[in-house]
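All remarks here apply to the structure that follows.
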There are 2 protein chains.
Amino acid sequence: MKRTKRERQTALKESINENPFVTDEELSAEFDVSVQTIRLDRMELSIPELRERIKHVAVRTFEDEVKSLPIDEVIGEIIDIELDEKAISIFDVKPEHVFQRNQIARGHHLFAQANSLAVAIMNEELALTVKSELQFLRPVKAGQRIVAKATVIDRQPEKNRAFVKVVSTVDQVTVFIGTFEMYRMTEQSEGEAG
Amino acid sequence: MKRTKRERQTALKESINENPFVTDEELSAEFDVSVQTIRLDRMELSIPELRERIKHVAVRTFEDEVKSLPIDEVIGEIIDIELDEKAISIFDVKPEHVFQRNQIARGHHLFAQANSLAVAIMNEELALTVKSELQFLRPVKAGQRIVAKATVIDRQPEKNRAFVKVVSTVDQVTVFIGTFEMYRMTEQSEGEAG
DNA sequence: CCGCTATTAGCACTTGGTACTAATATCAGT
DNA sequence: ACTGATATTAGTACCAAGTGCTAATAGCGG
């Protein structure tokens, strides 16, 4: 079931995007063309080779692992972080994040972005959320980009607590505000909150 | 400044841990021994080769990225519902829902289960969350089953509002409490909250 | 000096490629 | 049907960063 070059290349792009760990040989089998064709396709699409792809994924994680929580556990992409001070992440709302009915983003995605940013900002091996108050001010729709800004507003080191305020905006309009009481988890005490 | 084999191997472990992207050749220069020695060291310490190390980092990231939040309309399975009154759902915590580090479920999954149950309980075409207060009382780990019970505790029909309380338990122990102020969205007014 | 561990060297082989050249296939237009 | 252009396939040499293996050498303790 061969298709045109154009179609194959589109599919190829997608395929590699979905699974960057695929080799040219596997792709050649998948699309029923020679390995060389796959290579030519990659060149034209400027898709790097397997190892480079893997490396990129890995480097991204590793570099961003700043200190506290790995970025790979964050919902949304962190674009700026000052540990224990403030952090910013962006999250692009896609069709899978909204109610089919009215295209409005489901609340837990806004929460997830804000909450994981609150976790990331903590300058600790691991932090957990203890309490939280949320306000969903305006609906967010598919296609919009949510910018979440987190600020540490209070610290209680003796209690292993910190308070983080997250304000999420779309086009400078505030859509969500959340405050999070965070627990700094030390090595031995794995005992509070989820 | 050569040291003993033992010391070198300890340092080697650390060095690779800090920067998994280092090659044997670079390490050989760093420790002023031959590449073969580095290889022997890696064998003895069972540290995989560069590419495998990178791959591991990448796989970790990639899998986590794919995870995030499920697409399903309702997080968890609703096992009982009385519209406008109460509802129960269960959610099995799987490895993909927890922090790798300590196996504790990430907060947004508890929130997602509770919030989507609060949405479901509303006897309306569609409801949105306006405000919410959460308490994460105990950590939940992979393998546990969360039972969330939602109750409508107050109704304000004139304001299109209802208040829902959700209590989540694992083996009869309360792990999470959330209260949700819900907005009943009528056909024309698609205007509040996310 | 023997024995032992540690270290170094060298070679063949592996994966998943790049870079390049050359042959063939396919199709469109005249 | 023939020409050209594009697309595809084949093949070679080469590379990085290894593994696996054998063998030689160094250093030291008794």
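Proteins get letters first, then strands, A, B, ... in listed order; numbering begins at 1 in each. Since we're looking at a predicted model, the values are computed, not measured.
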Task: Value in whole Å for how far the P atom of D:dA7 lies from CG of A:D32 - done: 18 Å
Task: Rounded interatomic separation in angstrom, taking CG from B:L40 and P from C:dA9 - done: 13 Å
Task: Qualifying residues under ring-ring contact (aromatic ring centres under 6.0 Å, His included), relative to A:F111, sequence neighbours excluded - done: A:F180, B:F111
Open item on the list: Without decimals, in angstroms, what is the distance between A:R8 CZ and D:dT6 P?
Closed with: 16 Å
TODO: Establish, with yes or no, whether the OP1 or OP2 oxygen of D:dT9 is under 4.0 angstrom from a side-chain nitrogen or oxygen of A:S34.
DONE: yes
Task: Protein proximity profile, nucleotides 11-23 of chain D - base contact B, sugar-phosphate-only contact S, no contact -, cut-off 4.0 Å on heavy atoms - done: B----BBBB----
Task: Listed partners of A:E26 passing salt bridge (charged side-chain N to carboxylate O under 4.0 Å, His left out), at least two apart - done: none
Task: Cationic N near anionic O, under 4.0 Å, B:R184 to B:E158 - done: no
Task: Rounded distance (Å) that lies between atom C1' of D:dT8 and atom CZ of A:R6 - done: 17 Å
- [ ] Starting at atom CD of A:E52, determine the distance to atom C1' of C:dG17, rounded to an integer number of angstrom.
- [x] 10 Å
Open item on the list: Once salt bridge (charged side-chain N to carboxylate O under 4.0 Å, His left out) is applied, do any residues pair with A:R42, and if so which ones, sequence neighbours excluded?
Closed with: A:D24
Task: Atom-pair distance (CG on A:L12; P on D:dT8), nearest Å - done: 12 Å
Task: Length of the CG-P vector between A:D41 and D:dT6, whole Å - done: 16 Å
- [ ] Could you pull out all residues at least two apart from B:E25 that satisfy salt bridge (charged side-chain N to carboxylate O under 4.0 Å, His left out)?
- [x] none
Task: Euclidean distance, atom NZ of residue B:K5 to atom P of D:dG27 [Å, nearest integer] - done: 17 Å
Open item on the list: Test of understanding: with salt bridge (charged side-chain N to carboxylate O under 4.0 Å, His left out), list the residues that count as partners of B:D92, not counting sequence neighbours.
Closed with: B:R145
